[in-house]
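Inspection log for the structure reproduced underneath, given as structure tokens.
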Number of protein chains: 2
Amino acid sequence: MGISERREREKAEREQRIVGAARMLAEQDGWASVTIRRLAQEIEYSQPVLYAHFENRDAIVGAVALEGFGELAPTLRKSALKGATSRQALEDVATAYLEFAFERPAVYEAMFILPSGLRFAKSDTPHVLRETFGAMMAVVEPLCTDVEIATEAFWATLHGLAELERHGRIRSSHRKERMRHIVDMFAGRHLR
Amino acid sequence: MGISERREREKAEREQRIVGAARMLAEQDGWASVTIRRLAQEIEYSQPVLYAHFENRDAIVGAVALEGFGELAPTLRKSALKGATSRQALEDVATAYLEFAFERPAVYEAMFILPSGLRFAKSDTPHVLRETFGAMMAVVEPLCTDVEIATEAFWATLHGLAELERHGRIRSSHRKERMRHIVDMFAGRHLR
DNA sequence: GTTGACAATCTAGCGCTGGTAGATTTATTT
DNA sequence: AAATAAATCTACCAGCGCTAGATTGTCAAC
């Protein structure tokens with residue numbers, strides 16, 4: 001019967017509206033202003049309805065984070081293709097990563113800082129998470145011996161840059177210079 | 001008159017008790033459990049008393065953060081002295097930084113992640129903050145041309161390592177290898 | 001010693017939060 | 001049409017940061 005199917009479709013739509021509203025509010029006024037009540041108001045349902053979709057507030061953050069990974073992974077993949085040299089590919093991916101972090105700070109926060117219930121580097125890690133790591137690994141791979149170690153280091157550096165700059169700890173005015181310095185190091189300017 | 005002096009002394013003591021309690025609670029059960037009510041209970045006063053010491057909750061986080069900088073800066077300075085080579089000094093400082101982050105996660109959080117009202121890289125930046133940056137700069141300096149850029153990059157990398165590992169994004173089991181990889185890069189193994 | 005001023009401190013409250021129990025409405029099946 | 005099941009809401013809980021206004025305690029002047 002098509003009735004239950006329609007119901008499921010409607011429920012999925014509503015869920016998407018919740019995630020969308022959370023993302024919009026977070027991007028607009030920060031995650032602190034994303035409350036269950038506010039979201040309920042936004043989708044025009046009462047608060048308890050939200051708990052039929054998500055176990056708790058963290059799970060909503062997690063849903064936004066997952067959306068974010070779904071966008072970041074292909075973005076990085078594409079950036080990796082343009083560059084002629086492997087050094088250029090590395091720089092392009094790094095730049096794309098930081099651009100993502102600065103343009104969608106709230107989503108980035110959900111992905112990497114806030115408690116979201118997402119599990120990394122575990123057996124049940126969602127595909128998009130692995131895919132994001134894989135995209136970074138792909139550009140690091142031709143430049144080193146231990147790929148995983150190097151990728152973790154590369155990622156950590158990018159994350160640190162994004163976070164310290166977002167919090168005003170380092171000078172936004174020197175983003176480019178820092179990037180060159182770092183890419184030079186990772187690309188192993190010394191080896192070629 | 002000694003009375004008002006005694007009062008000031010008592011007030012300063014009480015303030016220290018607040019900061020100490022905040023730090024302890026945060027280290028024990030996380031910052032979320034550090035509430036004004038809980039702190040008031042801890043120092044055996046009513047809630048409003050806390051507002052005679054701190055403007056708001058963030059200011060308490062800031063006080064803990066400042067304490068943290070007061071400890072991190074000399075720790076890094078000392079680490080910088082032991083090593084025979086400049087590469088060793090860099091590694092020692094990096095190791096000390098990460099050790100600090102992992103052993104006092106709550107203090108580290110207050111210093112670099114939570115809103116704390118502290119202002120970095122500004123004219124009214126407290127001395128201990130500048131001193132912390134200076135300690136890192138000192139070990140980076142002999143290894144590069146643009147010191148400030150290199151120090152920001154070094155710091156960002158350490159911060160990224162600390163954060164990603166603390167959140168289970170990268171494997172704690174490979175901390176040492178990552179460290180070697182990174183120190184090698186920053187020390188410019190290629191140049192000597 | 002008593003009184004009045006002032007500071008220190010507390011009680012009680014506001015509007016908000018995440019989360020839930022139980023009533024009520026709506027839809028489906030018999 | 002009546003009974004059952006699902007969807008949804010109202011109303012609440014305990015706790016939060018923060019504050020207004022009452023209350024207590026301290027000290028100086030008379």
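A, B, ... follow the sequence lines: proteins, then strands. Residue 1 opens every chain. Because the structure is predicted, anything quoted here is derived from the model rather than measured.
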Which of these, B/I182, B/D184, B/V183, sits in a side chain to side chain contact (heavy atoms under 4.5 Å, CB included) with B/R180?
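Per the side chain to side chain contact (heavy atoms under 4.5 Å, CB included) rule, the option paired with B/R180 is B/D184, out of B/I182, B/D184, B/V183.
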Does a side-chain N or O of [X] approach OP1 or OP2 of [N] to a distance below 4.0 Å, or not?
X	N	answer
B/R38	D/dG17	no
B/S46	C/dT9	no
B/R37	C/dT11	no

Which of these nucleotides, D/dC18, C/dG19, D/dT8, is closest to any side-chain atom of B/Q47?
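Ranking D/dC18, C/dG19, D/dT8 by closest atom to the B/Q47 side chain puts D/dC18 first.
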Residue B/T35, side-chain atoms from C-beta onward, closest of D/dC16, C/dG18, C/dT9
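For B/T35, the side-chain atoms sit closest to D/dC16.
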Of residues 48-61 of chain B, the positions that come close to DNA chain C - non-hydrogen atoms, cut-off under 4.0 Å:
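Within this stretch, B/P48, B/V49 sit under 4.0 Å of the strand.
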Give the angle between the helix axes at the two ends of the helix from C/dG1-D/dC30 to C/dT30-D/dA1, taking five base pairs at each end and rounding to 10°.
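It works out to 30° between the end axes.
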Between [N] atom [atom2] and [X] atom [atom1], what is the distance in whole Å?
X	N	atom1	atom2	value
B/E10	D/dT26	CD	P	11 Å
A/D29	C/dC16	CG	P	15 Å
A/Q41	D/dC9	CD	P	13 Å

Going by atom types only, do A/Y45 and A/H53 share a side-chain donor-acceptor pair under 3.5 Å?
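Absent: no donor and acceptor within the cut-off.
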With no hydrogens and no angle check, do the side chains of A/Q41 and A/Q47 hold a donor and an acceptor under 3.5 Å apart?
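Their side chains do not contain a donor-acceptor pair, so the 3.5 Å distance test is not met.
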Would you confirm whether B/H181, through its side chain, and B/E177, through its main-chain N or O, come within 3.5 Å as a donor-acceptor pair?
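No, the answer is negative, given that no donor and acceptor are paired below the 3.5 Å cut-off.
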Between A/Y108 and A/Y97, ring centroids under 6.0 Å:
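Between A/Y108 and A/Y97, the centre distance is under 6.0 Å.
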